[in-house]
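Note that this is a predicted model, so its numbers are computed, not measured.
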Amino acid sequence: KEVPGSEEVELAEEILGLRHSGFKQETLDGVVHKPNYRKAYALLQNSKQQKENDKANVLLGYAHLTGEHEPYVSHNTSLAYEMFDKAAKAGLPSAQRALA
């Protein structure tokens with residue numbers, strides 16, 4: 001059974017380099033540019049908010065925790081742990097590991 005929002009999460013993972021299935025990063029004149037973080041995090045936000053996808057919560061939580069992709073995702077540790085907690089309660093192992 002397909003989890004609502006999982007297509008968006010998979011595409012975001014491709015953009016962020018977390019999944020490799022032959023996806024081509026956007027190129028200009030044959031030069032690979034940095035990943036489109038704005039698009040990736042917009043996909044995750046959409047999946048989290050509209051479809052309540054727990055994996056999106058975990059991926060966004062890590063981004064909030066590290067602050068590596070500001071300004072696309074704010075550095076917010078408490079929000080990160082709220083997102084991990086929600087996903088962990090839904091039984092997602094990666095969220096449970098993040099809280100361990």
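- Distance alone, capped at 3.5 Å, places no donor-acceptor pair between the Ser47 side chain and the Leu43 backbone.
- With rounding to the nearest 0.5 Å, the separation of CG in Asn57 from NZ in Lys89 is 12.0 Å.
- Between the side chain of His64 and the backbone N or O of Ser74, at least one donor-acceptor pair lies under 3.5 Å.
- Taken to the nearest 0.5 Å, the CG atom of Leu59 stands 7.5 Å off from the CG atom of Leu16.
- Residue Glu70 places its CD atom among more than 12 non-hydrogen atoms of other residues, nucleotides or ligands, all under 6.0 Å distant.
- In this structure, Tyr37 is not a member of the same hydrophobic cluster as Leu65, with clusters built from ILVMFWY side-chain heavy atoms closer than 4.5 Å.
- With values rounded to the nearest 0.5 angstrom, Arg19 atom CZ is found 4.0 Å from Glu10 atom CD.
- In plain terms, the two heavy atoms of Leu99 and Tyr81 that are nearest each other are CD2-CD2, 3.6 Å.
- What you find for Gly61 and Ala80 is that their closest heavy atoms are O-CB, 3.2 Å.
- With rounding to the nearest 0.5 Å, the separation of NZ in Lys86 from CG in Asp54 is 7.0 Å.
- In terms of hydrophobic clustering, with Ile, Leu, Val, Met, Phe, Trp and Tyr side chains grouped at heavy-atom distances under 4.5 Å, Tyr41 and Val9 are assigned to a common cluster.
- Looking only at side-chain heavy atoms (C-beta outward), Glu52 and Pro4 stay at 4.5 Å or farther from each other.
- Separating the NZ atom in Lys51 from the CD atom in Glu8 is a distance of 3.5 Å, to the nearest 0.5 Å.
- The hydrophobic cluster containing Leu60 does not contain Phe84, counting ILVMFWY residues as joined when their side-chain heavy atoms lie under 4.5 angstrom apart, directly or transitively.
- In the hydrophobic clustering of ILVMFWY residues, with side-chain heavy atoms under 4.5 Å counting as a link, Met83 and Leu18 come out together.
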Between Gln50 and Gln45, is a side-chain contact (heavy atoms from CB on, under 4.5 Å) present by the stated rule, with each step listed? CA-CA 8 Å; Gln50 295 179 6; Gln45 286 286 359; over 6 Å; no
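- Residues Leu44 and Val58 fall into different hydrophobic clusters, defined by Ile, Leu, Val, Met, Phe, Trp and Tyr side chains chained together at heavy-atom separations under 4.5 Å.
- Residues His75 and Glu68 fail the side-chain proximity criterion, which asks for heavy atoms closer than 4.5 Å.
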